[in-house]
Amino acid sequence: MRTFISDFNKLVKLRLTLTVVFSASISFLIGAKQQGEVMWFNWLMLTIGGFLVTGAANGFNEIIEKDIDKLMKRTMDRPLPSGRMTTGQALVLSVFMGILGTMVLVQLNFIAGLLSVFSIFLYAFVYTPLKQKSPIAVFVGAIPGALPPLIGYYAAFKSAGFGLAYASVSEAAVVITPLVLFAIQFVWQYPHFWAIAWVADEDYKNAGIRLLPTTKKDSVSAAMIMISALLMIPVGFLPMHYGFGGWVFTVVSLIGGLAFTWYGYQHYMLRTDASAKKVMYVSFLYLPLTQLVLLFDFIPFN
């Protein structure tokens, strides 16, 4: 049983899945706060459904990349390439999680369920095979990677057919708020994943994966990391610009954006694995911290 739990955690990429669920749950609470009421049972259902959907997407990803994972040190101990789990077992688990998770999210909100299906498809069946073909995979992967805030936000609203029931919230708020949350997480993924790609480049090369902008650890790829890090400064002002982010959030996001930029600039000058790791570590801290701060510094607008 202990081995199965360990392998299951690796199949669903537990840390990544929990990060995604955290992002969605924060957005749910923002949407609930906007309406003036938090339905905690629905929040629990979102957490469960989000975990299952994300775990399914990661499971499909590992099934497709089973042979590739054998070639990389960081992934060769996963249950499929190591032989501890068969493809059939992983497929049954992933399909079950995908169906059950989608059913849970659809019960909360039709749009949230629809977005979850789209997220699974785009991540597992478009982004995953594209990783071996072109660096544009990072752009494609950034879309499902930024969908959790939308899924979580819309899950906080009751479905009204194919739309939302939001009598207490203006139509503009329902459109703008989730799009801004999506935009922040979308832009964040570029310095995050390119920094990871830089550090893991040698391992990726063994599997034929090239995710850096130029496919090389050169000055252009380093410059792209720095520019994408710099973009975190303006996107951090979007919540205040649209009237739902307070000064505390704006200051914290500005400090985070400046840290991103500083370490991005250092990496551009040094172009070492150590400098790329600093960008990566900033990215690990930036997103959950700013999301939490925004939740508590959120200004509902109607």
Side-chain angles (χ1 to χ4, degrees), residues 11-28 31 46-65 68-69 75 90-91 93-95 97-106 108-155 177-197 204 209 211 213 228 231-232 235 283-284 286-288 291:
L11 179 70
V12 300
K13 302 178 184 176
L14 184 61
R15 282 183 293 181
L16 173 61
T17 297
L18 291 177
T19 300
V20 170
V21 171
F22 176 83
S23 176
S25 65
I26 291 293
S27 296
F28 175 95
L46 167 72
T47 301
I48 295 171
F51 181 92
L52 291 171
V53 165
T54 307
N58 288 328
F60 290 131
N61 167 269
E62 291 194 23
I63 291 170
I64 295 169
E65 292 190 331
I68 296 174
D69 285 345
T75 57
L91 183 61
L93 284 171
S94 299
V95 170
M97 288 189 293
I99 293 174
L100 183 58
T102 300
M103 289 176 61
V104 170
L105 293 175
V106 165
L108 291 177
N109 181 277
F110 180 81
I111 294 177
L114 189 65
L115 287 173
S116 70
V117 173
F118 177 65
S119 178
I120 292 175
F121 173 79
L122 198 58
Y123 178 79
F125 303 109
V126 181
Y127 163 72
T128 297
L130 195 58
K131 283 165 64 177
Q132 284 191 298
K133 300 183 184 303
S134 170
I136 200 173
V138 174
F139 170 78
V140 175
I143 298 173
L147 284 178
L150 268 74
I151 295 171
Y153 180 84
Y154 287 133
T177 305
L179 287 180
V180 168
L181 297 175
F182 174 90
I184 292 172
Q185 192 149 321
F186 180 80
V187 175
W188 167 84
Q189 288 178 90
Y190 289 94
H192 173 70
F193 282 113
W194 279 336
I196 292 174
Y204 278 146
I209 297 174
L211 294 180
S228 62
L231 289 176
M232 293 307 302
V235 297
S283 73
F284 288 150
Y286 177 91
L287 194 64
Q291 287 175 336

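Keep in mind that this is a model prediction, so the values were computed, not measured.
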A137 and Y127 have their tightest heavy-atom pair at O-CD1, 3.1 Å
> Does some side-chain heavy atom of K13 sit less than 4.5 Å from a side-chain heavy atom of N61?
Replying inline: yes
Heavy-atom nearest pair, A90 first then L11, reads CB-CD1, 4.0 Å
### Task
Decide if atom CG of L91 counts as having more than 12 heavy atoms of other residues, nucleotides or ligands within a radius under 6.0 Å.
yes
| query | Should we count CZ of F139 as having more than 12 external heavy atoms under 6.0 Å? | reply | no
On a heavy-atom basis, the closest approach of V21 and G50 is CG2-C, 3.8 Å
Rounded to the nearest 0.5 Å, the CG atom of L52 sits from the OG1 atom of T47 at a distance of 11.0 Å
The complete set of salt bridge (Lys or Arg N to Asp or Glu O under 4.0 Å) pairs with one or both residues in residues 111-132, sequence neighbours excluded, reads E65-K131
For P149, the side chain to side chain contact (heavy atoms under 4.5 Å, CB included) test, sequence neighbours excluded, returns S23, S27, L181, Q185
The side chain to side chain donor-acceptor pair (under 3.5 Å) partners of T17 (sequence neighbours excluded) come to N58
- Query: Going through the distances and angles, do M97 and V12 end up as a side chain to side chain contact (heavy atoms under 4.5 Å, CB included)?
  - Reply: CA-CA 10 Å; M97 288 189 293; V12 300; 3.7 Å; yes
Sequence neighbours excluded, the answer for side chain to side chain contact (heavy atoms under 4.5 Å, CB included) partners of A57 is I120, Y123
dist T75:OG1 -> I68:CD1 (nearest 0.5 Å) comes out at 9.0 Å
Contacts of F121 meeting side chain to side chain contact (heavy atoms under 4.5 Å, CB included) (sequence neighbours excluded), chain-then-number -> F125, V126
| query | Given side chains that start at C-beta, do those of I63 and S94 come closer than 4.5 Å, heavy atoms only? | reply | yes
Taken to the nearest 0.5 Å, the spacing of L211 CG from S134 OG works out to 9.5 Å
Rounded to the nearest 0.5 Å, the CG atom of L14 sits from the CG atom of L18 at a distance of 4.5 Å
Looking only at heavy atoms, the pair that brings Q189 and A142 closest together is NE2-O, 2.7 Å
T102 meets the side chain to side chain donor-acceptor pair (under 3.5 Å) criterion, sequence neighbours left out, with none
Distance col, row L122:CG vs L115:CG, nearest 0.5 angstrom, shows 11.5 Å
Worksheet item: Would a distance-only check, ignoring hydrogens and angles, find a side-chain to backbone donor-acceptor pair under 3.5 Å from N109 to Y154?
Response: yes
So the salt bridge (Lys or Arg N to Asp or Glu O under 4.0 Å) pairs with at least one residue in residues 132-142 (sequence neighbours excluded) are none
Those residues at least two apart in sequence (or on a different chain) that pass ring-ring contact (aromatic ring centres under 6.0 Å, His included) with F182 are F186
Side chain S116, main chain G113, donor-acceptor under 3.5 Å: yes
For Y286, the ring-ring contact (aromatic ring centres under 6.0 Å, His included) test, sequence neighbours excluded, returns F260
Contacts of A124 meeting side chain to side chain contact (heavy atoms under 4.5 Å, CB included) (sequence neighbours excluded), chain-then-number -> F60
What one should report as the nearest heavy-atom pair of P191 and V187 is CD-O, 3.2 Å
Q) Does W188 reach the main-chain N or O of M232 with its side chain, forming a donor-acceptor pair under 3.5 Å? A) no
Closest non-hydrogen atoms of A155 and F28, given as atom of the first, atom of the second and distance, are O-CE1, 3.4 Å
When rounded to the nearest 0.5 Å, the distance separating CG of L114 from CG of L150 is 11.5 Å
